[in-house]
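Only heavy atoms go into these numbers, but all of them, side chains included; no hydrogens, no water, no symmetry mates.
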Amino acid sequence: MYRTKTCGELNINNVGENVELAGWIQKIRDLGGMIFIDLRDEFGITQIVVNDESLQGVVKEYTTESCIHVEGEVVERSNKNKHISTGEIEVIAKKLEILGKCKNVLPFEINTDQEVREDLRLEYRFLDLRNEKLHNNILLRSKILKTLRDRMDELGFTEVQTPILANSSPEGARDYLVPSRLNPGEFYALPQAPQQFKQLLMVGGFNKYYQIAPCFRDEDPRADRAPGEFYQLDYEMSFATQEDVFKVMEDVVPYTFEKFTNWKVDKGPFIRIPYREAMEKYGIDKPDLRNPLIIQDVTKLFEDTEFNAFKGKTVKAIIVENGADQGRKFFDKMNDFAVEECEAKGLAWVKFENSGIMQGGISKFITGEMKDVLQKEYDLKKNSAIFFIADEFTKAQKIAGLVRIELGKRLDLLEKNVYRFCFIVDFPMYELSDEGTIDFSHNPFSMPQGGLEALENKDPLDILAYQYDLVCNGYEMASGAVRNHNPEIMVKAFEIAGYTEEDVKSRFGALYKAFQYGTPPHAGAAPGIDRMIMLISDSQNIREVIAFPKNKRARDLLMNAPSVVSEQQLKDVHIKLREEK
């Protein structure tokens, strides 16, 4: 044994004991006749006193972040440190041993407030993981995973692992392909989600399934989305409705959040907001309900306007109470944001002063009659500001959504220390692709509302699906659906999106075949683990809750991946690279 105690567990009751400690040197202070070492391990810090001259000579060769072993006696400190748990004691060193020497020059300092370039942190991630905040995030991750498993077990779910080497299927992102050595010219795909497998488990008679599932999607990184791979609490239930799935999330999610935070946590039932209502009121399908601002449609108000920028456009308005207190510079900066960050043509505005007069911006285009309508029908109060966005319908919604978010941040309107949850429901089953064709808007395996009749008789863009998202503080935290379990509906749903029955049989053969053999109705969801931990730890970047993340270009700088492989490795899997001209 290298230690009989950890650095974080010693206290005044251990005075007089001989102990062995092991850890990393966080700091060395040479005071001439005495040397102090701050020794750190995962559990805390203990001050080591070196007053033996022979040992002092050894310590002078030590460097910070070296790993050492210490034997010594616990004594009471004369100058106590109230900032650490071991601050009442120190250890007088009797024996020191170097276990792992560290280079004299570190690529960056450990446990300081100094800003370090992220790519450098990722290249030396093994050092970065020694930083207290990041280290604690990974420990928190472990505790949250255990809590989720325990809770799902208590709710009667069975944990089942599903394959990593799977088949390619259209699920919203590019697949990662894996060539098969034994089957030349054929490829596995890493699963974007265990979608088909969990549905097959329901066909197989399992009542309730879950797993902490790895998912692989070739998507561009974002602050809240890890590139390449992520983890989700995947679960599915037989003989279940949408409400049954919601009840599980309304149990597991608040339970987990409350266990690891002192913030206020919404409890179920969570607010249900239809997709179209969310887009109208918030301009986004993942609204942050801590932000009190609401988008309103004022298109009708400007039907006969003389303001050319609004003619023939959808016009959205955001009313900010007490917004009239802001100076001209604030309005100019918000206009710059709308133009530069939202691709808006401009952001119109007006102040409604306490005097009852419209001032500034486009006030000359707001008639007395229009002012009265804004007060009566849109709850416009004195000393408010109104921001206007005019464009074609969908773009106006999107720009208004981004402006609402930015106003909430700049005016510090967001409710503090609280987690606000809502379900977004009634997603459209289909959407128009960039090429103008009909495509699935969410999960292709979802049940359309109205079943086969809706697929056969409705305009595809009017069909809603039993699809839903769980949103927390402006982040999509879970997604799910009532699944289609009828082969006839499955074929028709894919046919509308441009797939033939033969396509369905070849690409989703297992599901198509399984649905012929008595499939129970089933539904499920998948809360994102990484995003959940990011929210609970109040981290601003998802890479801060992942032990070994990739950078913004989806590169693993520590392991140098992706990387070039040998010709022989390519030959083994029957691949020849095409030279770019």
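Atom-to-atom distance recorded for Thr64:OG1 and Ile25:CD1 is 7.5 Å, nearest 0.5 angstrom. Separation of atoms CG (Leu558) and CZ (Arg125) is listed at 9.5 Å; rounding is to 0.5 Å. If you take CE on Met477 and CD on Gln232, they are separated by 12.0 Å, rounding to the nearest 0.5 Å. In this structure, CG on Leu39 lies 13.5 Å from CD on Glu90, to the nearest 0.5 angstrom. Interatomic distance, Ile138 CD1 to Ile546 CD1, rounded to the nearest 0.5 Å: 8.0 Å. Taking CE of Met334 as the start and CD of Glu406 as the end, the distance is 5.5 Å to the nearest 0.5 Å.
Contact detail for Pro194 and Thr162: the closest heavy-atom pair is CB-OG1, 3.5 Å. Of all non-hydrogen atoms in Asn335 and Leu347, the two that sit nearest each other are OD1-N, 2.8 Å. Taking all atoms of both residues into account, the shortest heavy-atom contact from Ser537 to Val545 is OG-CG1, 3.5 Å. Here the closest heavy-atom approach between residue Ile98 and residue Tyr62 is recorded as N-OH, 3.8 Å. Closest of all the heavy-atom pairs between Phe36 and Leu31 is CE1-CD1, 3.3 Å. Taking all atoms of both residues into account, the shortest heavy-atom contact from Ala554 to Pro221 is N-CG, 4.2 Å.
Scanning for salt bridge (charged side-chain N to carboxylate O under 4.0 Å, His left out) contacts around Lys146 gives Asp150, with sequence neighbours left out. Legend: residues meeting ring-ring contact (aromatic ring centres under 6.0 Å, His included) with Phe257, ordered by chain and number and at least two apart, are Tyr419, Phe421. Among residues two or more places apart in sequence or in another chain, the side-chain contact (heavy atoms from CB on, under 4.5 Å) test is passed with Pro179 by Phe187, Val573, Ile575. Judged as a ring-ring contact (aromatic ring centres under 6.0 Å, His included), and not counting sequence neighbours, the contacts of Phe246 are Phe423, Tyr468. The ring-ring contact (aromatic ring centres under 6.0 Å, His included) search around Tyr282 returns none, not counting sequence neighbours. Judged as a side-chain hydrogen bond (donor to acceptor under 3.5 Å, both in side chains), and not counting sequence neighbours, the contacts of Asn14 are Glu17. Under the salt bridge (charged side-chain N to carboxylate O under 4.0 Å, His left out) criterion, Glu73 pairs with no residue, sequence neighbours left out. The salt bridge (charged side-chain N to carboxylate O under 4.0 Å, His left out) search around Arg181 returns none, not counting sequence neighbours. With sequence neighbours left out, the salt bridge (charged side-chain N to carboxylate O under 4.0 Å, His left out) criterion links Lys329 to no other residue.
At least one donor-acceptor pair under 3.5 Å links the side chain of Arg77 to the backbone N or O of Asn79. For Asn136 (side chain) and Glu132 (main-chain N/O), a donor-acceptor pair under 3.5 Å exists by modelled atom type. The backbone N or O of Ile45 lies less than 3.5 Å from a partner atom in the side chain of Thr86, making a donor-acceptor pair. When atom types are taken as modelled, the side chain of Lys281 and the backbone of Ile273 share no donor-acceptor pair closer than 3.5 angstrom. Of the possible donor and acceptor atoms, none in the side chain of Arg410 sits under 3.5 Å from a partner among the backbone N and O of Gly408. Without hydrogens or angle criteria, Thr63 side chain to Ser66 main chain gives no donor-acceptor distance under 3.5 Å. Looking only at distances, a side-chain donor or acceptor of Gln56 sits under 3.5 Å from a matching main-chain atom of Val50. The closest donor-acceptor contact from the side chain of Lys198 to the backbone of Gln196 lies at 3.5 Å or more, if one exists at all. Checking side-chain atoms of Asn131 against main-chain N and O of Asn111 turns up a donor-acceptor pair under 3.5 Å. A side-chain donor-acceptor contact under 3.5 Å links Arg404 to the backbone of Leu293.
No more than 12 heavy-atom neighbours from other residues, nucleotides or ligands sit within 6.0 angstrom of OH on Tyr188. Dense packing is recorded around NZ of Lys80, with more than 12 heavy atoms of other residues, nucleotides or ligands lying under 6.0 Å away. Glu343 CD: 12 or fewer foreign heavy atoms inside a 6.0 Å radius. Atom CZ of Phe206 has 12 or fewer neighbouring heavy atoms from other residues, nucleotides or ligands inside a 6.0 Å radius. Heavy-atom neighbours of Glu61 CD from other residues, nucleotides or ligands within 6.0 Å: at or below the threshold of 12.
Glu476 places none of its side-chain heavy atoms less than 4.5 Å from the side chain of Asp224. Residues Met34 and Val49 meet the side-chain proximity criterion, which asks for heavy atoms closer than 4.5 Å. In this structure the side chain of Asp572 reaches within 4.5 angstrom of the side chain of Gln568, judged on heavy atoms. By the 4.5 Å heavy-atom criterion applied to side chains, Lys267 and Glu258 are counted as neighbours.
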**Q.** Test side chain to side chain contact (heavy atoms under 4.5 Å, CB included) applied to Lys94 and Asn18, step by step
**A.** CA-CA 10 Å; Lys94 296 179 180 178; Asn18 286 306; 2.9 Å; yes

Q.
Does Met279 form a side chain to side chain contact (heavy atoms under 4.5 Å, CB included) with Lys398? I'd like the steps, not just the answer.
A. CA-CA 8 Å; Met279 295 304 295; Lys398 180 181 177 182; over 6 Å; no

Q: Go through the steps to decide whether Thr256 and Ile536 satisfy the test side chain to side chain contact (heavy atoms under 4.5 Å, CB included), and finish with yes or no.
A: CA-CA 9 Å; Thr256 304; Ile536 290 174; 4.3 Å; yes

Q. Would Asp175 and Gln192 satisfy side-chain hydrogen bond (donor to acceptor under 3.5 Å, both in side chains), going step by step from the backbone distance to the final call?
A. CA-CA 7 Å; Asp175 285 324; Gln192 293 188 29; 2.8 Å; yes

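Cation-pi contact between Arg151 and Tyr255: present, with separation from the ring centre below 6.0 Å and deviation from the ring axis of at most 45°.
Ion pairing between Lys95 and Glu20 fails under the 4.0 Å rule for side-chain N and carboxylate O. Under the 4.0 Å criterion applied to side-chain N and carboxylate O atoms, Arg225 and Asp220 are not assigned as salt-bridge partners.
In this structure, a donor-acceptor pair under 3.5 Å is absent between the side chains of Tyr275 and Asp469.
Contacts classified as salt bridge (charged side-chain N to carboxylate O under 4.0 Å, His left out) and involving residues 537-547 (residues at least two apart or in different chains) are given here: Glu118-Arg543, Arg121-Glu544. Within the structure, every pair that satisfies the ring-ring contact (aromatic ring centres under 6.0 Å, His included) test and touches residues 211-237, not counting sequence neighbours, is listed here: Phe157-Tyr235. Applying the side chain to side chain donor-acceptor pair (under 3.5 Å) test to every pair with at least one member in residues 28-46, sequence neighbours left out, gives these pairs: Arg3-Asp41, Gln26-Arg40, Arg29-Asp38, Arg29-Gln47, Arg40-Glu65, Glu42-His135.
Taking the six-membered ring where the residue is Trp, Tyr2 and His69 present perpendicular rings, their angle passing 60° and hence far from 30°.
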